[in-house]
Amino acid sequence: MSAYCRYEILLPLAFNDGRPVPQEFLAEAAAEIQRRFGAVSWESQAIEGMWRAGGVGYHDRLNRIYVDAEDTSENRQFFIKLKHRLKTRFQQLDLWLTVHPIEIL
């Protein structure tokens, strides 16, 4: 039995200057994951978030994209590279990408 994990990425619905992110940016991110793993899921409702950095408060509206995949170094490297590309595409200083071990019954 292989070990699996869930890779989750929170993608913004607006650029830092307030302009809405084109829906095709989200669709392209999902398609890239689906091509690699054969599946992808996302939550289309807006996830609201607030955070502070350097004394400045921020408010985010996000969508979550996720996939369950084998926990391999190749898959981790794929997501590290994907995060870099998405940071550029979505014009972000950083994106929240998390990995969670899961057990599939």
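Note that the structure is predicted; figures quoted are calculated from it, not measured. For the numbers below, each heavy atom of this structure counts, side chains included, while hydrogens, waters and symmetry mates do not.
- In this structure, Leu95 is not a member of the same hydrophobic cluster as Leu10, with clusters built from ILVMFWY side-chain heavy atoms closer than 4.5 Å.
- Applying the 4.5 Å side-chain rule to ILVMFWY residues, one finds that Ile80 remains a lone member of its cluster.
- Here salt bridge (charged side-chain N to carboxylate O under 4.0 Å, His left out) pairs that include residues 52-62, with residues two or more places apart or in two chains, are Glu48-Arg61.
- With Asn63 contributing its side chain and Ser44 its backbone, the two residues share a donor-acceptor pair below 3.5 Å.
- Legend: ring pair (Phe, Tyr, Trp, His ring centres under 6.0 Å) pairs involving residues 83-105, not counting sequence neighbours, sorted by first then second residue: Phe25-Phe90.
- Every side-chain contact (heavy atoms from CB on, under 4.5 Å) that Asp68 has, sequence neighbours left out, goes to Arg6, Ile102.
- For Glu70, the side chain to side chain donor-acceptor pair (under 3.5 Å) partners are Ser2, not counting sequence neighbours.
- Considering only heavy atoms from C-beta on, Tyr4 stays 4.5 Å or farther from Glu103 through its side chain.
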side-chain contact (heavy atoms from CB on, under 4.5 Å) between Glu32 and Val40: does it pass, once the steps are laid out?
-> CA-CA 9 Å; Glu32 190 168 353; Val40 67; over 6 Å; no
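- If you take CD1 on Ile33 and CZ on Arg36, they are separated by 11.0 Å, rounding to the nearest 0.5 Å.
- Arg35 meets the salt bridge (charged side-chain N to carboxylate O under 4.0 Å, His left out) test with no other residue; sequence neighbours excluded.
- Listed by chain and number, the residues in a side-chain contact (heavy atoms from CB on, under 4.5 Å) with Ser41 are Tyr66 (sequence neighbours excluded).
- A continuous path of ILVMFWY side-chain contacts below 4.5 Å connects Phe15 to Leu86, so both sit in one hydrophobic cluster.
- Every residue meeting the side chain to side chain donor-acceptor pair (under 3.5 Å) condition with Glu43, not counting sequence neighbours, appears here in chain and number order: Gln45, Arg64.
- Note on Val99: it does not cluster hydrophobically with Ile47, by side-chain heavy-atom contacts below 4.5 Å among ILVMFWY residues.
- To the nearest 0.5 Å, atoms CG (Leu82) and CG (Asn75) are separated by 12.0 Å.
- Scanning all heavy atoms of the two residues, the minimum distance from Pro12 to Leu26 falls at O-CD2, 4.4 Å.
- In this view, Glu24 and Pro22, Glu28 satisfy the side-chain contact (heavy atoms from CB on, under 4.5 Å) rule, not counting sequence neighbours.
- Distance CZ/Arg89 to CG/Leu11: 9.0 Å, rounded to 0.5 Å.
- Placement of Leu97 and Leu13 within a single hydrophobic cluster is found when ILVMFWY residues are connected by side-chain heavy-atom separations under 4.5 Å, directly or transitively.
- Atom NZ of Lys83 is separated from atom CD1 of Ile9 by 9.5 Å, given to the nearest 0.5 angstrom.
- Applying the ring pair (Phe, Tyr, Trp, His ring centres under 6.0 Å) test to pairs two or more places apart or on separate chains, those with a residue in residues 34-63 are Phe37-Phe78, Phe37-Phe79, Trp51-Tyr58.
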